[in-house]
Amino acid sequence: MSTFAESRDPHCLREGESERLLAGHPWRRFVVLGDSVAEGLAEPVPGYSELQLADRIAAELSAAGPRLEYLNLGHRGLRAREIRAQQLRPALDFRPDLALVVCGGNDAFPATYRPDEVDTELRAMITALGDAGAKVITVGLYNVSYSPAIAEWLRPGLRKRMQTLSERTAAVAAELGTLHLNLTAHPAVTDPGLYSSDGRHGNARSDAIAVCEAVRLLGAHLAATRERERRSVRRLDA
């Protein structure tokens, strides 16, 4: 489909930006663990790509490194403990060098949310993937309490839980050194037009924005890594 609207969206990738930022990236085996966000349930939006979030990140990586192998284990409805129990072993067996972990949304949606338990599961997945040689990307999710499909009386509690999930995920990410994609803090997060009609997911525009942020995050990591390598070479030559 046409992506005319996306090409004019100030929050989305500019023409040629992804190729420039990801050029020569080292990743060859990309695995995705998670729930429906990882699986991809975003509703179409006219003028935006219909390719789902993780699939599109893989496509951007493939365009800059054609030998990429990609495995998406994401499945809707899973909580953090289920993602770890069902997906971690297959993910490790894939021998990834890059991993995207998306979890906690289904835990935080109901009032029974237990932050410590989600942190424990997330920490275990990040540690295992990192020990296996993968660079891990974690995600602070869009705050779906801004979706117009959410009943007004549910919004305050849900907003607080989603914010807590984001803050706790960011803290675990900082502790363990992941690349953290903080969509919760994105300026478009309060836009009701960012969300699907089911009240639980973003739509194709939110995916396009998330892909842009992910590519820029990976690009910044690559640039910083290359700069450290250049400095190391200069010190050795001095």
Side-chain angles (χ1 to χ4, degrees), residues 18 21-42 49 51-107 118-142 165 169-170 172-183 201-202 206-208 210-222 225:
S18 181
L21 292 176
L22 298 179
H25 73 76
W27 299 297
R28 295 295 176 262
R29 301 185 68 80
F30 176 42
V31 72
V32 177
L33 301 81
D35 50 27
S36 55
V37 175
E39 178 185 351
L41 292 182
S49 172
L51 201 59
Q52 299 286 327
L53 173 60
D55 295 344
R56 185 154 175 200
I57 294 173
E60 300 294 344
L61 289 166
S62 292
R67 292 172 294 176
L68 184 81
E69 298 291 333
Y70 167 51
L71 175 64
N72 189 340
L73 298 165
H75 190 74
R76 68 196 72 185
L78 298 183
R79 298 196 178 196
R81 59 179 171 77
E82 296 169 316
I83 294 168
R84 178 188 175 192
Q86 298 176 26
Q87 299 177 14
L88 181 57
R89 185 69 262 165
L92 294 172
D93 290 343
F94 182 68
R95 295 178 290 108
D97 54 11
L98 183 66
L100 173 65
V101 180
V102 187
C103 74
N106 291 315
D107 298 86
V118 174
D119 289 356
T120 296
E121 302 297 338
L122 179 61
R123 190 177 285 110
M125 286 187 278
I126 293 169
T127 300
L129 290 161
D131 288 348
K135 190 64 185 176
V136 179
I137 307 167
T138 47
V139 182
L141 297 169
Y142 291 114
L165 172 65
T169 301
V172 172
E175 172 194 338
L176 299 179
T178 76
L179 298 177
H180 186 60
L181 182 61
N182 189 356
L183 300 176
H201 302 97
S206 76
D207 270 8
V211 168
C212 175
E213 294 301 313
V215 167
R216 290 174 180 173
L217 178 69
L218 291 169
H221 170 70
L222 289 170
T225 300

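We're numbering straight along the sequence, starting at 1. In this text, all values refer to a predicted model and were calculated from it rather than measured experimentally.
- Scored by the side-chain contact (heavy atoms from CB on, under 4.5 Å) test, A214 finds I57, L181 as partners (sequence neighbours excluded).
- With sequence neighbours left out, A170 forms a side-chain contact (heavy atoms from CB on, under 4.5 Å) with H180.
- Side chains of L165 and D107 form no contact here, defined as non-hydrogen atoms less than 4.5 Å apart.
- Counting heavy atoms from C-beta outward, N106 and E82 have side chains that stay 4.5 Å or more apart.
- Taking 4.5 Å as the limit, some side-chain heavy atom of L129 sits within range of a side-chain heavy atom of P96.
- A 4.5 Å side-chain heavy-atom check between L73 and V31 finds at least one atom pair inside the cut-off.
- Annotation: side chain of I83 is not in contact with side chain of V102 (no heavy-atom distance under 4.5 Å).
- A donor-acceptor pair under 3.5 Å links the side-chain atoms of Y142 to the main chain of S206, judged by distance alone.
- Remark: L98 CG to L68 CG distance equals 8.0 Å, nearest 0.5 Å.
- Contact annotation: the side chain of I126 approaches that of V172 to within less than 4.5 Å [non-hydrogen atoms, C-beta and beyond].
- At most 12 heavy atoms of other shown residues, nucleotides or ligands fall within 6.0 angstrom of atom CZ in R76.
- Applying the ring-ring contact (aromatic ring centres under 6.0 Å, His included) test to residues at least two apart or on different chains, none of the pairs has a partner in residues 79-107.
- Annotation for A80 and V118: closest pair CB-CG1, 4.2 Å, computed over non-hydrogen atoms.
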Inset, instruction - Kindly indicate, with the supporting measurements, whether the criterion side-chain contact (heavy atoms from CB on, under 4.5 Å) is fulfilled by V211 and E60. - result: CA-CA 9 Å; V211 168; E60 300 294 344; 4.2 Å; yes

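- In plain terms, the two heavy atoms of A173 and T138 that are nearest each other are CB-OG1, 3.4 Å.
- The OG1 atom of T127 sits 4.5 Å away from the CG atom of L176 when rounded to the nearest 0.5 Å.
- Here the straight-line distance linking atom NE2 of H221 with atom NE2 of H25 works out to 12.0 Å at 0.5 Å rounding.
- Taking a 6.0 Å sphere around CZ of R95, one finds it holds 12 or fewer heavy atoms contributed by other residues, nucleotides or ligands.
- Looking only at side-chain heavy atoms (C-beta outward), R89 and L92 come within less than 4.5 Å of each other.
- Between K135 atom NZ and L222 atom CG the span is 11.0 Å, to the nearest 0.5 Å.
- A distance-only check finds a donor-acceptor pair linking the side chain of Q52 to the backbone of L41 [under 3.5 Å].
- Taking both residues in full, the closest heavy atoms of G74 and Q87 are given as CA-NE2, 4.0 Å, listed atom of the first, atom of the second, then distance.
- Interatomic distance, T169 OG1 to D119 CG, rounded to the nearest 0.5 Å: 7.0 Å.
- Test N72, V37, V32, V139 against L53 for side-chain contact (heavy atoms from CB on, under 4.5 Å) and you get one pass: V37.
- Using a distance-only test at 3.5 Å, with no hydrogens or angles considered, no donor-acceptor pair links the side chain of D97 to the main chain of W27.
- Shortest non-hydrogen contact noted between A54 and L100 is CB-CD2, 4.4 Å.
- Counting only heavy atoms from C-beta outward, the side chains of C103 and L33 never approach each other to under 4.5 Å.
- To the nearest 0.5 Å, atom CZ of residue R67 and atom OG of residue S62 are 12.0 Å apart.
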